[in-house]
Amino acid sequence: MVSFSRHCLFAFLLAAAADALQAPRACPAIPSLTSFNDTALPDLFTFLNGRKVTTLADWACKREEISTLMQRDELGALPGRPDSMNVSFAGNTLTIGVIQGGKNITFAPTITYPTTGTAPFPALIGMGGVSIPAPSGVAIIQFNNEQMAAQDTAASRGQGLFFDLYGSDASAGAMIAWAWAVRLIMDALEKTPEANINTGRVGVTGCSRNGKGALVAGAFEPRLVLTIPQESGSGGTDSWRISDFILSTGVSTQTASEIVQENVWLSPNFDQFANTSVNKLPFDHHSLAALVAPRGMFAIDNLGYDWLGPFSSYGAMISARTVWTAMGVSDFMGVSQAANHTHCVFPSTQQPQLDAFIQKFLFDEQTDTDIVETAGNYTFEVPDAQWAPWSVPNFV
Ligand code: MCU
């Protein structure tokens, strides 16, 4: 097994996650998948050509396979870096000008600095705001995701700064557009030492619809060392397949077929699956969360709303966690589902768990983050005969 000893954790996160997991290599070709159909969550440890994923190098390829297919069939295309970018910093505002194909946009995240701690500060990017208590010593970077890609209704398709650059007919749904902007925020912070942010210690969070976006940003921006989706529901930590099943038992849960009518978080390419069968998808949202590994992730949930599909989230997140397990760092991925409370109002019962993740990933402290907890009366383990009938290797 590859073991990531604690002292080399951040060396690994910064070097391997940003480099080895991204490096182009000879990966298995993706088959055409015309007849793909799987009622269970697709096996994270088997390539679509049937070969097993047994090593960390294999995982880098499997990760590319998932990333490619999720962009193609669900999220839309994440564009490469734009032609050019100008960054300035004044009055706690990071002004990012972007030029692409002769068009330009400007967006301006604001930074709230902590009153304690030491510069350069660790930071959390707030996807449309932050709904967890601001941790001591951590800067909060407010990202106005609505301005980048609107998410008001189904009529928001193609609206926002991202689409001013890439065209209102871009395949991107709002979430991958936000992830693109988060990458530019990281680039901008790296170019701007006077902003006093430690770019090796930046996480992302958001709640509900913005929790969906936080998960996508964490999945697609490997410099983020901590991803905290909060009560993100369908399109976030939930599995499309399990949510469909829950709805079929009469429990009002958001599903793919509803979400494509409601809003524009996903690409129009997803409609064909949402409107026929999500079993045709060669991935599910356990695959999305698995893109975050081995970086830190803490999935926060609330048992109080059927619409959020808490069992769907639990099943998908426990399934995703197997990738961290295969890497020997299962405790870098936490799942916590609190009892009923008001949506996006963080309960104090989860505070010690959140603190443990913040301290480990934003401050490099040795905390216990081996957290898998649900207030729900259900269990889920991999292998699961119905949902995850696959076995978990130790990467060699
Ligand atoms: C959980 O996130 C969404 C949900 O997907 C929508 O169906 C609902 O309308 O709004 C939720 C939300 O963002 O609440 C703030």
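Read the numbers this way: they start at 1 and go in the same order the structure lists the ligands and their atoms.
Partners of Ser330 under the side chain to side chain contact (heavy atoms under 4.5 Å, CB included) rule, at least two apart in sequence or in another chain, are Arg321, Thr325.
Inter-residue side-chain proximity for Ile246 and Ser252 is flagged as unmet; no heavy-atom pair is nearer than 4.5 Å. Within the 4.5 Å cutoff, no side-chain heavy atoms of Trp180 are placed close to those of Phe220.
Residue pairs meeting the salt bridge (charged side-chain N to carboxylate O under 4.0 Å, His left out) criterion with at least one member in residues 98-119, sequence neighbours excluded, do not occur. Pairs engaging residues 208-222 under the side-chain hydrogen bond (donor to acceptor under 3.5 Å, both in side chains) rule: Asn145-Asn210, Gln151-Asn210, Ser208-His343, Glu221-Arg223 [sequence neighbours left out].
Here the side chain of Trp178 pairs no donor or acceptor atom with the backbone of Ala214 at under 3.5 angstrom.
Ligand 1 lies under 4.0 Å from heavy atoms of Ser208, Arg209, Lys212, Glu231, Ser232, Gln254, Glu262, Trp265, Trp307, Leu308, His343.
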